[in-house]
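Keep in mind that what you see is a predicted model, and the values were worked out from it rather than measured.
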Amino acid sequence: MPKDASGKKSPGIARASATPYAKPGGASHGKPGADHRHVGVHLHHSLGQHLLKNPLVTQAMIEKAAIKSTDTVLEIGPGTGNLTLKLLESARKVIAVEHDPRMVVELQKRLHATPLGAKLQLIHSDVMKLELPFFNLCVANIPYQISSPLVFKLLSHPSRFRCAILMVQREFAQRLCAKPGDELYCRLSINTQLLSKVDHLMKVSKNSFRPPPKVDSSVVRIEPRNPPPPVNFIEWDGLVRLCFNRKNKTLGAIFRSKALLKLLEENLRTQRALVGGTGRSGAMDEEAVDVHELVDSVLGATGFAEQRAAKMDIDDFLLLLSKFNETGLHFSGGTDWDMGDS
Ligand SMILES: C[S@@+](CC[C@H](N)C(=O)[O-])C[C@H]1O[C@@H](n2cnc3c(N)ncnc32)[C@H](O)[C@@H]1O
């Protein structure tokens, strides 16, 4: 069993080195803890530290990215820099964001005083806490545990980048690409596809990484829609979350929930109060509001009462949201739409 920095035996930890790739037939066999030849850092599963050791996969990612000499490329989690070096060969500039200070040191050592090093901006930070600078391309073997928030952080970035080539967990890739009716079709699928075009590019075996992760991997391409769809994303996500929480229930059944009708009514009153110029929630308490009737009218007009989110596409939800909004019903305002099955 490998040992951690304190010398204690520690499962699931392997060593990293700045050696570009394990040599065929060498001591590194891609097993956790197998590579003890190099002085380097221990790899932590909690930080998603599964280094890409297969140069063919790195090369394929670089080719799919079609990097131009004018590109500023964002890499999340450069680790010891196997992918970073290849990016630096083609791009004008690489901005690499790394959370682990030990990896930052390894990468600095590796690129110190090399001509490519001058093109690298290395930022030591948790990418989720960082205000990302301008980039027009993203290529990364990302830490899988932050996949979902990271994709939405990228898609909400004002840069309007050309595309992202990302190594992700296979099931996550399948969810990103899933279509209505697919078993894995979910809120992640419809939200990502609203904001971007997503393609599954290739499957990657566990043995391409050191140490090999427990899950399979895939490379995906995410191309943000330009211009972005004309929809308030917060409100869109409020509606989508509500419907996908119970994706196999009919919308009629979901919108019969008393708790939901109460929330919609509160939202409607707030909205009317704001439009009425009082700026106070509940200022129109006396005015009768039959939310049930409004909801029924929307579901009747769209014909979605018997539909289930699991089978509905983006156009269906755009229509549904616009009809709700026309009647004054909204799904934003910091409301917690997760009401379980009550
Ligand atoms: C899957 S490894 C990829 C390493 C390297 N790019 C490669 O392909 O060999 C993920 C990297 O992301 C880093 N990381 C983990 N969480 C992070 C975060 N929140 N922000 C930035 N980097 C992070 C890890 O330390 C690790 O270096």
**Request:** Taking Arg102 for its side chain and His42 for its backbone only, find out whether a donor-acceptor pair lies under 3.5 Å.
**Result:** yes
**Asked** Going only through I, L, V, M, F, W and Y residues with side-chain contacts under 4.5 Å, is there a path from Leu107 to Leu130?
**Response** yes
**Message:** Exactly one of Gln174, Gln169, Arg175 should register a side chain to side chain donor-acceptor pair (under 3.5 Å) with Glu171. Which one does?
**Reply:** Arg175
**Prompt:** Quick one: are the ring centres of Phe324 and Phe331 less than 6.0 Å apart?
**Reply:** yes
**Message:** For a 4.5 angstrom cut-off between non-hydrogen side-chain atoms, does Phe209 reach Lys53?
**Reply:** no
**Output field: ring centroids Phe134/Phe161 closer than 6.0 Å** = no
**Asked** According to a 4.5 Å side-chain heavy-atom criterion applied to Ile, Leu, Val, Met, Phe, Trp and Tyr, with indirect links allowed, do Leu47 and Met103 form part of one hydrophobic cluster?
**Response** no
**Message:** Is any side-chain heavy atom of Thr192 closer than 4.5 Å to one of Phe152?
**Reply:** yes
**Prompt:** Under 4.5 Å between any side-chain heavy atoms of Val57 and Met202, yes or no?
**Reply:** yes
**Message:** Under a 3.5 Å distance rule, please check whether His50 uses its side chain to pair with a backbone N or O of Arg210 as donor and acceptor.
**Reply:** no
**Asked** Will you find, in the side chains of Asp100 and Gln49, an N or O donor that is under 3.5 Å from an N or O acceptor?
**Response** yes
**Prompt:** Is Arg225 reaching over with its side chain to a backbone N or O of Gln193, donor-acceptor style, under 3.5 angstrom?
**Reply:** yes
**Exam field: side chain Asp237 to backbone Ile234, donor-acceptor pair closer than 3.5 Å** = no
**Message:** Tell me whether the count of non-hydrogen atoms from other residues, nucleotides or ligands lying under 6.0 Å of NZ in Lys247 goes above 12.
**Reply:** yes
**Message:** Can you see whether Arg272 engages Asn267 through a side-chain donor-acceptor pair at a distance of less than 3.5 angstrom?
**Reply:** no
**Request:** For Lys206, look at atom NZ and say whether over 12 heavy atoms of other residues, nucleotides or ligands are found less than 6.0 Å away.
**Result:** yes
**Prompt:** Judged by atom type as modelled, is there a donor-acceptor pair below 3.5 Å linking the side chain of Asn325 to the main-chain atoms of Leu329?
**Reply:** yes
**Request:** Run the numbers on Val139 and Val73 for side-chain contact (heavy atoms from CB on, under 4.5 Å), then give the verdict.
**Result:** CA-CA 7 Å; Val139 185; Val73 182; 4.0 Å; yes
**Asked** Does a side chain donor of either Arg92 or Thr70 reach within less than 3.5 Å of an acceptor in the other side chain?
**Response** no
**Backbone of Val291 reached by a side-chain donor or acceptor of Glu265 within 3.5 Å** = no
**Request:** Decide whether Leu184 and Val215 are clustered together by the hydrophobic rule: side chain heavy atoms of Ile, Leu, Val, Met, Phe, Trp, Tyr closer than 4.5 Å, transitively.
**Result:** no
**Asked** Side chains of Ser159 and His157: do they bring a donor and an acceptor to under 3.5 Å?
**Response** yes
**Request:** Scan side-chain atoms only and decide if Glu75 and Asn141 contain a donor-acceptor pair under the 3.5 Å cut-off.
**Result:** no
**Asked** When hydrophobic residues are tied together by side-chain contacts of less than 4.5 Å, even through go-betweens, does Ile95 share a cluster with Met128?
**Response** yes
**Asked** Does a salt bridge link Lys262 with Glu266, judged by any charged N lying under 4.0 Å from a carboxylate O?
**Response** yes
**Asked** Looking only at atom types and distance, does a side-chain atom of Asp199 sit under 3.5 Å from a main-chain N or O of Leu201, one as donor and one as acceptor?
**Response** no
**Message:** Regarding His124 and His99, do their side chains bring together a donor and an acceptor under 3.5 Å, going by distance alone?
**Reply:** no
**Asked** Are Phe317 and Phe244 close enough that their ring centers fall under 6.0 Å?
**Response** yes
**Request:** Without swapping roles, check the side chain of Tyr185 against the backbone of Met312 for a donor-acceptor pair under 3.5 Å.
**Result:** yes
**Prompt:** So does Lys93 pair up with Asp71, basic N to acidic O under 4.0 Å?
**Reply:** no
**Message:** Just so I know, are the side chains of Arg162 and Glu223 near enough to count as touching, which here means a heavy-atom distance under 4.5 Å?
**Reply:** no
